[in-house]
There are 2 protein chains.
Amino acid sequence: MISCMNLKQLSEKLGLSQTTVSRALNGYPEVSEATRHKVRKAAEAHSYRPNTRAKSLATGRSMTIAHVVPVSSKHEMVNPIFADFIAGAGEEYSRAGYDLLLSVVADSDHERVYRDIATRQVVDGLIVQAPTLTDTRIPMLQDLDIPFVVHGRSSGIIGAYNWLDVNNRRAFERATGLLLDLGHRRIALLNGLATMDFAHRRNDGYTRALLERGIAADPELIAHDEMTENYGFEVARRMLSTSNPPTAFVVSSIIPAIGVRRAINKAGLVFGRDVSIVIHDDDLSYFRNTGDVPLFTAVRSSVREAGQRCAAMLLEIIRRREEGLRNEGPMQTLMEAELTIGQSTGPLIPSAAKLRS
Amino acid sequence: MISCMNLKQLSEKLGLSQTTVSRALNGYPEVSEATRHKVRKAAEAHSYRPNTRAKSLATGRSMTIAHVVPVSSKHEMVNPIFADFIAGAGEEYSRAGYDLLLSVVADSDHERVYRDIATRQVVDGLIVQAPTLTDTRIPMLQDLDIPFVVHGRSSGIIGAYNWLDVNNRRAFERATGLLLDLGHRRIALLNGLATMDFAHRRNDGYTRALLERGIAADPELIAHDEMTENYGFEVARRMLSTSNPPTAFVVSSIIPAIGVRRAINKAGLVFGRDVSIVIHDDDLSYFRNTGDVPLFTAVRSSVREAGQRCAAMLLEIIRRREEGLRNEGPMQTLMEAELTIGQSTGPLIPSAAKLRS
DNA sequence: CGCGGCAGTCAAAGCGCTTTGGAAGTTTGG
DNA sequence: CCAAACTTCCAAAGCGCTTTGACTGCCGCG
């Protein structure tokens with residue numbers, strides 16, 4: 001059994017004061033190289049680590065960042081992109097010596113949890129996930145005066161805040177445009193939850209691309225829900241069995257797209273020939289859409305990279321604040337998605353509609 | 001802007017001592033109901049929360065649990081089951097007032113991270129994920145004398161420790177047995193990474209079921225790797241294109257099974273008729289294998305429930321230790337997976353092999 | 001009336017660290 | 001040879017909370 005040693009014990013063992021030992025270990029210049037070396041060795045030998053709680057009480061910094069991941073109260077579902085987002089962010093945190101505090105919270109009482117985390121002073125900053133159209137967390141956190149970065153944006157919020165987002169509008173405009181270029185006219189959109197800000201922007205991009213060609217969006221071809229495989233399957237099946245079915249789908253994530261593919265097969269159609277699909281690809285680690293010719297044509301933007309960059313932004317904001325540079329203006333980053341052609345898109349086959357009937 | 005108030009300020013405002021205020025808020029009996037009520041109201045009004053860092057320094061308990069999630073250095077992949085596992089555990093933690101500290105760590109330096117977390121005394125306990133066949137973390141943590149629960153087991157470790165596991169051996173024995181009952185003889189196993197303990201147990205169950213019918217396992221039909229969609233696709237495609245292809249697959253997770261289905265379609269075979277699949281289903285929230293007749297025949301065990309129960313076990317262990325009951329013996333729970341029939345299994349069609357050639 | 005007992009409150013000591021404000025010891029320069 | 005200027009170290013004061021031990025009234029009992 002390994003006994004846990006503290007500063008006092010270590011300093012007594014060395015015959016030095018706590019001050020000196022602390023300074024030696026934290027790299028302060030007031031201590032000679034000889035003592036520093038001796039102290040370092042002893043600390044190593046007894047595998048001494050400063051007690052985090054005491055350290056953060058003394059310094060006022062907890063070296064911890066909070067992520068609050070929403071779990072939908074409807075489906076008890078956790079969006080799988082969080083795994084990769086957190087992996088990216090976590091990498092950045094551990095590099096900088098920060099810990100990550102995770103709160104899994106029903107989306108109904110987000111506000112309470114954020115307020116709690118902030119006033120308990122348990123973290124130095126936090127990241128806001130999945131902002132809604134008008135997200136009340138943002139003004140609340142500004143009010144609480146705690147550093148935060150939003151992954152996404154909230155259209156209904158006036159005033160500046162730090163965010164990192166993908167250019168969803170342009171991504172979906174391009175995705176839809178590609179299908180239009182291929183001759184498709186009946187294009188369905190399988191979007192995320194309508195309350196989410198990103199879903200709104202994606203709708204925008206889709207509608208805009210259609211309008212540019214003089215096509216009005218057909219509400220029958222637009223669906224909103226949590227992005228499960230089953231959602232993709234059910235919606236696509238329903239749409240494909242109508243009298244005027246879509247010949248192409250734009251899908252918000254690879255997971256429902258798997259369901260769409262299932263529905264296409266089930267309808268006796270050929271994926272990528274009779275029906276085209278373009279997805280938004282978050283580049284999930286266990287669902288890599290890669291290969292010489294990836295399965296899905298996609299607008300891609302790595303959610304892991306987003307996590308990493310959000311974390312880096314937040315740490316930078318915290319650093320600045322500690323140096324007293326408070327009025328630097330907000331940090332805002334817009335990432336562009338990249339279009340890659342896969343096996344899921346092809347030109348409209350005029351006869352396809354007939355074949356089906 | 002909301003100013004953060006501390007105990008001292010609150011007690012001064014009330015004209016009481018810090019002791020009394022602290023006791024009033026923490027429900028100690030030494031304080032009159034009248035004062036308690038007054039204090040509660042004032043705390044509410046100023047939205048006072050005790051500073052976590054100070055509190056945990058004073059009490060010696062950090063009210064935090066650590067999860068270390070491994071990210072494979074090979075594929076930079078995060079196993080998506082962690083999202084649901086953590087959702088389950090997080091529910092339990094927040095109910096008990098605990099926070100969750102998450103470390104995302106390349107699997108190579110797990111030991112360092114665990115030792116670090118333990119000696120920095122930043123958490124009251126931790127959960128070990130994805131144990132390997134002989135997992136060195138277990139003796140290490142016993143040595144460090146910190147409460148922990150293993151999600152899974154490690155066959156190579158002698159000596160008792162707290163764990164919660166699914167009966168993988170029986171689950172895979174049943175899955176394989178079902179396929180054998182349906183007449184299949186060439187049954188492939190798509191397993192997880194060979195280093196994982198659960199993969200070993202699953203191999204066992206599979207092999208045992210075959211042996212019971214006098215069939216020797218064919219190494220050509222067994223694959224081990226990280227459970228991505230692409231892995232399922234590639235392996236199934238390869239196996240299906242041999243001269244003596246399998247007529248059925250047992251697959252370790254729904255994600256590679258999606259890939260297997262893709263390979264089956266691509267080979268021009270019919271899923272569930274020409275080729276059968278039984279999966280192990282972790283009941284992932286975004287990949288629910290449900291419906292009147294679920295897509296996949298499965299041995300199912302909810303990973304979310306596992307998370308919740310692991311968390312409950314750990315909190316119980318911590319509670320006992322605080323009450324001085326150290327020698328209660330280890331807590332060990334074995335969950336049984338439940339078999340449900342879906343659309344992915346059917347009797348062996350003797351002509352199938354011919355059709356294909 | 002006096003004393004034990006109890007309810008309600010408080011001052012002060014810690015938890016393990018950082019950091020301030022010296023105090024020694026050592027070197028330099030006039 | 002002594003003052004000034006470093007260098008190297010230290011004692012002690014906090015950080016914001018809990019908790020111990022003591023203290024003050026006030027009641028009831030002999």
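Worth knowing before you read on, the calculation uses all heavy atoms, side chains too, and leaves out hydrogens, waters and symmetry mates. The structure presented is a predicted model; accordingly, all values stated were derived computationally and were not measured. Throughout, protein chains are lettered first and strands after them, A, B, ... in sequence-line order, and every chain is numbered starting at 1.
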Checklist line | Distance test, side-chain N/O of B:K55 to OP1/OP2 of D:dG16, below 4.0 Å | finding: no
Check: Base, sugar-phosphate, or nothing for A:S56, non-hydrogen atoms under 4.0 angstrom?
Finding: nothing
Note to self: Nearest whole Å is fine: how far is D:dC15 C1' from B:Q9 CD?
What the structure shows: 13 Å
Note to self: Is there, by distance only and without an angle test, a donor paired with an acceptor across the side chain of B:T19 and the base of D:dT19 below 3.5 Å?
What the structure shows: yes
Note to self: Closer than 3.5 angstrom, by distance alone: can the side chain of A:N51 be matched with the main-chain N or O of B:Q121 as a donor-acceptor pair?
What the structure shows: no
Note to self: How many whole angstroms separate atom CG of B:N51 from atom P of D:dC15?
What the structure shows: 12 Å
Note to self: Could you check whether A:K41 pairs with A:E44 (Lys NZ or Arg NE/NH1/NH2 to Asp/Glu carboxylate O, under 4.0 Å)?
What the structure shows: no
Check: Separation of A:L14 atom CG from D:dC10 atom P, in whole Å?
Finding: 10 Å
Item checked: Sugar-phosphate only, base, or nothing, as touched by B:S32 at under 4.0 Å among non-hydrogen atoms -> sugar-phosphate
Note to self: Nearest whole Å is fine: how far is C:dC15 P from A:N6 CG?
What the structure shows: 9 Å
Next item on the list: Mind checking the CD1-NE2 spacing from B:I117 to B:H67? Nearest 0.5 Å is all I need.
Entry: 10.5 Å
Check: Does a side-chain N or O from A:Y48 land closer than 4.0 Å to OP1 or OP2 of C:dC17, or not?
Finding: yes
Checklist line | B:L7 CG - C:dC15 P separation (whole Å) | finding: 19 Å
Notebook entry, point to check: If you check every side-chain atom of B:S17, which of D:dC17, D:dC9, C:dA11 has the closest atom?
Noted result: C:dA11
Margin query: Using a 3.5 Å distance criterion without hydrogens, assess whether the side chain of A:R53 forms a donor-acceptor pair with backbone atoms of B:G60.
Written below: yes
Next item on the list: Could you check whether A:T59 gets within reach of a base, just the sugar-phosphate, or nothing at all, counting any heavy atom under 4.0 Å?
Entry: sugar-phosphate
Next item on the list: Please report, rounded to the nearest Å, how far the P atom of D:dC15 is from the CG atom of A:L57.
Entry: 9 Å
Note to self: With nearest nucleotide decided by heavy atoms, which residue, B:R23 or B:R49, maps closer to the 5′ end of DNA chain D?
What the structure shows: B:R49
Checklist line | Gap between atoms OH and C1', on B:Y28 and D:dC17 respectively (whole Å) | finding: 12 Å
Check: Salt bridge between B:R319 and B:E316, side-chain N to carboxylate O under 4.0 Å?
Finding: yes
Note to self: By nearest heavy atom, map B:T20 and B:R53 onto DNA chain D; which one lands nearer the 5' end?
What the structure shows: B:R53
Notebook entry, point to check: Could you give the CZ-to-P distance, from A:R61 to D:dG16, as a whole number of Å?
Noted result: 15 Å
Margin query: What contact category does B:Q18 fall into here, base, sugar-phosphate, or nothing, at under 4.0 angstrom with non-hydrogen atoms?
Written below: base
Checklist line | Upstream residue (5' side of DNA chain C) when B:A54 and B:V31 are each assigned their closest nucleotide | finding: B:V31
